[in-house]
Amino acid sequence: MSLRLLAAPGLRTTTRLLARQQPMGLVKIHSSVAQSHTAAASAATHKPDRVHGSYHWNIERAASVALVPLVATQLTYGASPITDTLLGVVLPLHLHIGFDACITDYFNARKSVFLNKLMTGTLWLSTTGVLVGCYQFNTNDIGLTEFISKIWAA
């Protein structure tokens with residue numbers, strides 16, 4: 001029975017195709033625009049940096065995981081200047097990373113250069129505004145944790 005499955009023509013061609021595939025890291029992506037093989041063309045393309053992606057992923061996961069104990073501490077112990085400060089930094093960082101991923105996915109820099117730059121600039125401006133607002137709210141008002149508690153109880 002197993003010999004008949006291996007002899008099936010569809011399975012053999014699929015196996016051959018899978019054997020010929022290159023790993024994704026080695027696949028060369030061709031653009032539709034012809035480029036000359038000059039020094040300027042090779043200088044325009046950047047060398048991929050594998051470490052940058054892992055650092056980005058680690059920071060993203062650390063910000064996501066840090067929010068769980070921060071919110072739990074806020075709900076358990078109530079308002080605290082330390083929790084306010086940490087929540088005022090980690091929450092905007094988490095939101096910035098999430099919106100940056102959306103901009104990268106939907107407004108790709110290769111397809112829509114102007115919209116990508118506009119959206120990225122708007123994101124940085126709004127993230128800076130949120131960080132300044134969190135600082136002002138924590139120092140001059142009731143603080144984020146007390147505000148969240150009042151909203152939760154309402």
Side-chain angles (χ1 to χ4, degrees), residues 5 10-11 14-33 35 39-154:
L5 286 176
L11 187 62
T14 306
T15 307
R16 278 191 215 133
L17 286 175
L18 289 174
R20 276 192 261 158
Q21 277 187 335
Q22 295 178 348
M24 283 305 291
L26 301 176
V27 174
K28 184 175 181 181
I29 300 173
H30 299 284
S31 69
S32 59
V33 180
Q35 293 183 359
S42 64
T45 61
H46 69 282
K47 187 174 181 179
D49 185 13
R50 294 183 181 163
V51 176
H52 171 72
S54 66
Y55 284 150
H56 182 269
W57 191 87
N58 289 338
I59 291 170
E60 183 178 326
R61 294 297 156 240
S64 299
V65 169
L67 281 174
V68 174
L70 279 174
V71 172
T73 303
Q74 181 265 329
L75 290 174
T76 306
Y77 296 113
S80 164
I82 295 170
T83 310
D84 283 341
T85 303
L86 290 174
L87 200 59
V89 172
V90 174
L91 188 62
L93 175 70
H94 175 73
L95 292 171
H96 177 87
I97 290 171
F99 280 118
D100 186 43
C102 290
I103 290 170
T104 302
D105 289 344
Y106 295 110
F107 300 101
N108 194 335
R110 289 180 287 168
K111 293 182 181 176
S112 56
V113 177
F114 177 74
L115 276 177
N116 180 277
K117 289 186 184 211
L118 177 72
M119 295 296 214
T120 304
T122 305
L123 175 67
W124 279 100
L125 188 67
S126 62
T127 301
T128 304
V130 168
L131 284 169
V132 170
C134 286
Y135 172 76
Q136 292 293 325
F137 195 73
N138 285 334
T139 56
N140 299 329
D141 209 344
I142 60 175
L144 288 174
T145 54
E146 187 66 31
F147 178 69
I148 293 171
S149 297
K150 286 186 177 189
I151 287 179
W152 191 270

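The chain is numbered in sequence order, starting from 1. Below, each value reflects all heavy atoms present in this structure, side chains not excepted, and no hydrogens, waters or symmetry copies. Treat the numbers as computed from the prediction; the structure is a model and nothing was measured.
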Practice problem: Identify the two heavy atoms, one from Ala109 and one from Val113, that lie closest to each other, and give their separation to 0.1 Å. | Solution: O-CG2, 3.1 Å
Self-check item: side-chain hydrogen bond (donor to acceptor under 3.5 Å, both in side chains) contacts touching residues 60-69 (sequence neighbours left out)
Solution: Ser64-His94
Exercise. Measure the CG-CD1 distance between Leu123 and Ile103 for me, rounded to the nearest 0.5 Å.
Key: 4.5 Å
Exercise. Check whether more than 12 heavy atoms from other residues, nucleotides or ligands sit under 6.0 Å from atom CD1 of Ile151, and answer yes or no.
Key: yes
Quiz prompt | Heavy-atom closest contact (Gly88 atom, Leu131 atom, distance) | solution = O-CD2, 3.5 Å
Quiz item: Under the side-chain hydrogen bond (donor to acceptor under 3.5 Å, both in side chains) rule, what pairs show up with a residue in residues 111-131, not counting sequence neighbours?
Solution: His96-Thr127
Self-check item: Within-4.5 Å side-chain heavy-atom neighbours: Leu70 and Val90
Solution: yes
Self-check item: Any residue meeting side-chain hydrogen bond (donor to acceptor under 3.5 Å, both in side chains) with Asp105, in chain and number order, not counting sequence neighbours
Solution: none
Self-check item: Closest non-hydrogen atom pair between Leu93 and Ala63, with its separation
Solution: CD2-CB, 4.1 Å
Quiz item: In Å and rounded to the nearest 0.5 Å, what is the CG to CG distance from Leu144 to Leu91?
Solution: 8.0 Å
Quiz item: Measuring from Leu115:CG to Leu118:CG, what's the distance to the nearest 0.5 Å?
Solution: 6.5 Å
Practice problem: Identify the heavy atoms of Ile142 and Glu146 that sit nearest to each other, and give their distance. | Solution: O-CB, 3.5 Å
Practice problem: Please collect all side-chain hydrogen bond (donor to acceptor under 3.5 Å, both in side chains) contacts where either partner lies in residues 80-92, sequence neighbours excluded, each pair once. | Solution: Asp84-Thr145
Exercise. Under the side-chain hydrogen bond (donor to acceptor under 3.5 Å, both in side chains) rule, collect the residues that match up with Gln74, sequence neighbours excluded.
Key: Ser149
Quiz item: Which ring pair (Phe, Tyr, Trp, His ring centres under 6.0 Å) pairs, counting each pair once, include a residue from residues 125-146, with sequence neighbours left out?
Solution: Phe137-Phe147
